[in-house]
Peer 1: 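Once you've had a glance at the structure underneath, I'll fire off some questions.
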Amino acid sequence: MAVSGALLVLFLFAHAAGNLKIFVGETDFDHYAEWLRELGTPLLPHAWFLWIQRVGLLVAIGLHIWAAAALTIRARKARPVKYAHRPKVQGSYAARTMRWGGVIIVLFVIWHILDLTLGTVNPAGGDSVPSARVVEGFAPDRWYVTLFYVLAVVAVGFHLRHGIWSAARTMGQQTIKGERRAKAIALTLSVILVAMYLSVPIAVMTGLVG
């Protein structure tokens, strides 16, 4: 679970950095998107690198979900008889909502591919340039789409915060000082990632981009 999570985190930050190219200019953003399609050529056909990346991303998500399910089943088998009385466990909001957050993220990934990648549900259409799909996708009259995007990104932030802290414990971190450091790093990275992703739809809705 930690390995698949780490791969997903690396992808999220790389993808977020690419999204920020739209602040340089829509033309530069479109050139960047075309560069991604040209990666690997002539060894690979046009856009194959992107599809390999997408398949790899879906595999990593699938492995992450499988690992979560396997760990849950293992935990239940370790305690086949329920507690007669189990006090509430104090934990962070992120920890308590990891599963529901994961469901929201999966639904968001499906919508994101249909909307901004393939353009199937995007007003600009699938034949439009990437910058047009971004501008049309987060247009003010599609506020409900932006709201779902914000909800999903915040869920990613909570998921990432708890995931990084949990991964640190998995790798053997047990000291109080180390736990504080891990929590601080997890919170910082989560806030940065959320800010990077939300800056684009906010800029479109406020007219800064488009």
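As a basis for the values below, the full set of heavy atoms in this structure was taken, side chains included, without hydrogen atoms, waters or symmetry mates.
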Peer 1: Shortest non-hydrogen contact from Ala16 to Leu193?
Peer 2: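 Here Ala16 and Leu193 meet closest at CB-CD1, 4.2 Å.
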
Peer 1: Find out whether Leu44 and Ile52 are in side-chain contact, i.e. whether some heavy atom of one side chain is under 4.5 Å from a heavy atom of the other.
Peer 2: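 SC-SC contact between Leu44 and Ile52 confirmed.
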
Peer 1: Mind checking the NE2-CD1 spacing from His112 to Ile105? Nearest 0.5 Å is all I need.
Peer 2: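 Going from the NE2 atom of His112 to the CD1 atom of Ile105 covers 13.0 Å.
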
Peer 1: Please give me the minimum heavy-atom distance between Phe49 and Leu39, naming the atom from each residue.
Peer 2: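 Nearest heavy atoms, Phe49 then Leu39: CB-O, 3.3 Å.
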
Peer 1: Quick check for you: to the nearest 0.5 Å, what is the distance between Leu147 atom CG and Arg142 atom CZ?
Peer 2: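 The CG atom of Leu147 sits 13.0 Å away from the CZ atom of Arg142.
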
Peer 1: Kindly indicate, with the supporting measurements, whether the criterion side-chain contact (heavy atoms from CB on, under 4.5 Å) is fulfilled by Leu208 and Phe23.
Peer 2: CA-CA 9 Å; Leu208 184 61; Phe23 289 106; 4.1 Å; yes

Peer 1: Could you check Met196 against Asn19 for side-chain contact (heavy atoms from CB on, under 4.5 Å), going step by step and ending with a plain yes or no?
Peer 2: CA-CA 8 Å; Met196 290 173 73; Asn19 287 350; over 6 Å; no

Peer 1: Are any of the side-chain heavy atoms of Leu151 and Phe108 separated by less than 4.5 Å?
Peer 2: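 Side-chain contact under 4.5 Å: no.
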
Peer 1: Rounded to the nearest 0.5 Å, how far does CZ of Phe148 lie from CD1 of Ile104?
Peer 2: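 Nearest 0.5 Å value for the CD1-CZ distance: 7.5 Å.
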
Peer 1: To the nearest 0.5 angstrom, please state how far the NE2 atom of His162 sits from the NZ atom of Lys183.
Peer 2: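 Rounded to the nearest 0.5 Å, the NE2-NZ separation comes out at 10.5 Å.
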
Peer 1: CZ of Arg181 to CH2 of Trp165: how many Å apart, nearest 0.5 Å?
Peer 2: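 Spacing of CZ (Arg181) from CH2 (Trp165) equals 15.5 Å.
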
Peer 1: To check you understand the geometry: which heavy-atom pair defines the closest contact between Met1 and Ala68, and what is its length?
Peer 2: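 Scanning both residues, the minimum pair turns out to be CE-CB, 3.6 Å.
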
Peer 1: Considering all heavy atoms of both residues, which atom of Ala132 and which atom of Ser128 are nearest to each other, and what is their separation?
Peer 2: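 Closest approach of Ala132 to Ser128, heavy atoms only: CB-CB, 4.2 Å.
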
Peer 1: Just by distance, do the side chain of Arg37 and the backbone of His46 share a donor-acceptor pair under 3.5 Å?
Peer 2: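 Checked: no pair found.
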
Peer 1: Which atoms form the tightest heavy-atom contact between Ala124 and Glu136, and what is the distance?
Peer 2: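 Nearest pair, atom of Ala124 first, then Glu136: CB-CG, 3.8 Å.
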
Peer 1: Should Arg54 and Ile113 be marked as a side-chain contact (heavy atoms from CB on, under 4.5 Å) after you check the CA-CA gap, both sets of side-chain angles, and the distance that decides it?
Peer 2: CA-CA 9 Å; Arg54 289 164 185 161; Ile113 292 174; 6.0 Å; no

Peer 1: Examine Trp35 and Leu50 and state if one hydrophobic cluster contains both, with Ile, Leu, Val, Met, Phe, Trp and Tyr joined whenever side-chain heavy atoms are less than 4.5 Å apart.
Peer 2: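 Yes.
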
Peer 1: If two hydrophobic side chains count as joined below 4.5 Å and joins carry through other members, does Val154 share a cluster with Leu187?
Peer 2: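 No, separate clusters.
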
Peer 1: Establish whether Val3 and Trp66 are linked, either directly or via other cluster members, by ILVMFWY side-chain heavy-atom contacts under 4.5 Å.
Peer 2: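 No; tracing contacts between hydrophobic side chains, which count when under 4.5 Å, never links both residues.
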
Peer 1: Find out whether Val209 and Val200 are in side-chain contact, i.e. whether some heavy atom of one side chain is under 4.5 Å from a heavy atom of the other.
Peer 2: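 Sidechains of Val200 and Val209: no contact.
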
Peer 1: About how many Å separate CG of Leu58 and CG of Leu63, when rounded to the nearest 0.5 Å?
Peer 2: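 Spacing of CG (Leu63) from CG (Leu58) equals 11.0 Å.
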
Peer 1: Which class fits the ring pair Phe11 and His15: parallel under 30°, tilted 30 to 60°, perpendicular over 60°?
Peer 2: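 The arrangement is parallel - the two ring planes meet at less than 30°.
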
Peer 1: Decide whether Ile164 and Ile192 are clustered together by the hydrophobic rule: side chain heavy atoms of Ile, Leu, Val, Met, Phe, Trp, Tyr closer than 4.5 Å, transitively.
Peer 2: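 They do share one cluster, since a chain of ILVMFWY contacts under 4.5 Å joins Ile164 to Ile192.
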
Peer 1: Using side-chain contact (heavy atoms from CB on, under 4.5 Å) as the criterion, point out the one residue from Val134, Ile110, Thr120, Asn122 that pairs with Asp115.
Peer 2: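 By the side-chain contact (heavy atoms from CB on, under 4.5 Å) criterion, Asp115 pairs with just one of Val134, Ile110, Thr120, Asn122: Asn122.
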
Peer 1: Give me the atom names and distance for the closest heavy-atom approach of Phe29 to Gly18.
Peer 2: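 That closest heavy-atom pairing would be CE1-O, 3.8 Å.
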
Peer 1: Check whether any side-chain N or O of Thr117 sits under 3.5 Å from a backbone N or O of Leu114 as a donor-acceptor pair, and report yes or no.
Peer 2: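 Checked: no pair found.
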
Peer 1: Given Tyr32, which of Asp28, Asp30, Leu36 fulfils the side-chain contact (heavy atoms from CB on, under 4.5 Å) condition?
Peer 2: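 When Asp28, Asp30, Leu36 are each tested with Tyr32, the side-chain contact (heavy atoms from CB on, under 4.5 Å) holds only for Leu36.
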
Peer 1: Does atom CG (Asp127) have a neighbourhood of more than 12 heavy atoms from anything else shown, all under 6.0 Å?
Peer 2: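 Atom CG in Asp127 is not crowded, with 12 or fewer foreign heavy atoms closer than 6.0 Å.
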
Peer 1: Do the side chain of Tyr197 and the main chain of Tyr149 share a donor and acceptor less than 3.5 angstrom apart?
Peer 2: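 Not a single qualifying donor-acceptor pair exists.
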
Peer 1: In this structure, would Ile61 and Trp51 fall into the same cluster of hydrophobic residues linked by side-chain contacts under 4.5 Å?
Peer 2: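 Yes, Ile61 and Trp51 fall within the same hydrophobic cluster.
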
